[in-house]
Amino acid sequence: MDFKIQVAELKDLAKADCDALLIVVGEGTRPEALGRALGSVLDQALQEGDLAFKAGRCLYLHRPAGVKASRVVFAAAGASTPKAFKAALSAALALLKGGGAQHLLVACALPGPLQAPHAQLLAPTVTEALYVYRHTKPSASAASKLRRVTLACPAAEQAAASQGLAVGEAVAEGVALARECANRPGNHCTPSDLAAEARRLGKAHGIDVKVLERKDVEKLGMGCFLAVAQGSRQALKFIVLQYRGAPKASAPLVLVGKGITFDTGGISIKPAAEMDEMKFDMGGAASVLGTFRAVAQLRPKLNLVGLIPACENMPGGAAVKPGDVVTSLSGQTVEILNTDAEGRLILCDALTFAERFKPAAVIDIATLTGACVVALGHHRSGLFSPDDALAAELDRAGQEALDPCWRMPLDEEYDEGLKSNFADMGNVGPRAGGAITAAMFLKRYTGKYPWAHLDIAGSAWKSGAAKGATGRPVPLLTQFLLGRSR
Ligand code: BES
Ligand code: MN
Ligand code: ZN
């Protein structure tokens, strides 16, 4: 993050020393600090119908008389909830994006006190709104000039707000890292690039990073992961990250991220339309890196392991073929009926590998199925877990972080479809309920610890004009981990 963020008490917003003033207003409240000049502008705008208390409505004023800040934005919030606060902020920030503001002051006039959850959203919302992808497009609009963000806050509320701000800063950094990684094209984000990124993160933030190479993976016997990787010229990497924030004896949480840096489908090749979006198929891996970034900053009292199987899924003379049978690290054999169902193949070996850490819980994060997008669209990630308590914990974390998920079923009946005449299981079931069959496949490898699976195929990136990664579910995962460390 290129800006510093702080809280300050302000008695008169018109005199505030900043070059952009963003005022979130709720219905029926009027901050004392608004003063006469700004107060009358607000009244008139409301009276004349130029501002209304509806989500997304805002009003931009340039150099209004009697106000020190050269830019003022009023953003109407439809309610006092953190969600409404975030929506108002986003709408207002869109008006400031690309502008020259260096010091943004955010004042909040909502009924009820400003609480930590509101403050927590500030940094992620600002970073999200101002992000510009430049890695392979340096000509894109210049990076934001913003250097300071101040949250106006009465003295009595500052302690809670500061705590929220600090968590938010870490989440913002994590989301930004995940987003940037996932946005990079397949030729700029290979498995080796992912490993380099993990090592960089480790060096900068005191996280232990080890990278297993093909020969290590062969020795271990990860036959499913190897099968997916064998069609590509890019070397596979199995990345292991370890953060230690609690005594050794404390069982770690393990995050497993799908790291397919490009998914062509393999021999079961995908149609050409929108295939470019399969560069985002390492969104799970990116979210693991992003979550480690946040954790490294917040230093919660827990142990955390990150596992990232990374490779490309390519067709070619050496590629795995439909009908090939391979032996997973667990010893179970798999008939690869569709080479495009590769995510579960790299994950199942990582899930077996996770056993050696005797984990308190394992959560895998994967852009796993198009079927999940059909089921839930792009708003909620799919949550699968046979463990009610763990599912409830993740669901709550998603709600708190405004990074929502929705629990999906795992009835034994859905396992039927995985039957194979030639192996312990096939890697695909019927088309209907495809997100669930994929989860049932993974479930066969997770008997030894509490487990949950997040299918982020719909939530990890946006298509269309706003095509790009979202950095989700870093907020959910960070919130979950903070909950575990208390
Ligand atoms: N990476 C895809 C899942 C995906 C597809 C994510 C579209 C986002 C948008 C995954 O590897 C895949 O190809 N899954 C197949 C599974 C099928 C062959 C059982 C799918 O969803 O079509
Ligand atoms: Mn695929
Ligand atoms: Zn895939």
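For clarity, every value in this text was computed on a predicted model and none was experimentally measured. First listed ligand is number 1; within each ligand, the first listed atom is number 1.
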- Query: Parallel, tilted or perpendicular: which fits the ring planes of His453 and Trp451, with parallel below 30° and perpendicular above 60°?
  - Reply: parallel

- Query: Would Trp461 count as a contact of ligand 1 if the rule is a heavy atom under 4.0 Å away?
  - Reply: yes

- Task: Would you mind telling me if ligand 1 is within reach of the side chain of Lys270, the backbone, both or neither, using heavy atoms under 4.0 Å?
- Result: side chain

- Query: Applying a 4.0 Å heavy-atom criterion (strictly less than), which segment of Asp340 is in contact with ligand 1: side chain, backbone, both, or neither?
  - Reply: both

- Met278 heavy atoms within 4.0 Å reach ligand 1 at atoms 1 (N), 4 (C), 5 (C), 6 (C), 7 (C), 8 (C), 9 (C)

- Item | Residue pairs, two or more places apart or on separate chains, that pass ring-ring contact (aromatic ring centres under 6.0 Å, His included) and touch residues 265-319 | Phe280-Trp461

Kindly list each side-chain donor-acceptor pair under 3.5 angstrom involving residues 86-96, sequence neighbours excluded, with atom names and distances?
from  : atom 1 : to    : atom 2 : distance (Å)
Ser90 : OG     : Lys86 : O      : 3.1

- Message: Could you enumerate the protein N, O or S atoms under 2.8 Å from the Mn ion (ligand 2), written like residue then atom name?
- Response: Asp263 OD2, Asp340 O, Asp340 OD1, Glu342 OE1

- Counting each atom of ligand 1 from 1 as listed, which ones have a heavy atom of Asn338 under 4.0 Å away? 18 (C)

- Item | Contacting atoms of ligand 1, where contact means under 4.0 angstrom from a heavy atom of Glu342 | 11 (O)

- Query: Taking all non-hydrogen atoms of both residues, which atom of Gln332 and which atom of Arg444 are closest, and how far apart?
  - Reply: NE2-O, 3.2 Å

- Query: Where does Arg344 meet ligand 1, judged by heavy-atom distances below 4.0 Å: at the side chain, the backbone, both, or neither?
  - Reply: side chain

- Task: Tell me the protein N, O or S atoms under 2.8 Å from the Zn ion (ligand 3), in chain and number order.
- Result: Lys258 NZ, Asp263 OD2, Asp281 OD2, Glu342 OE2

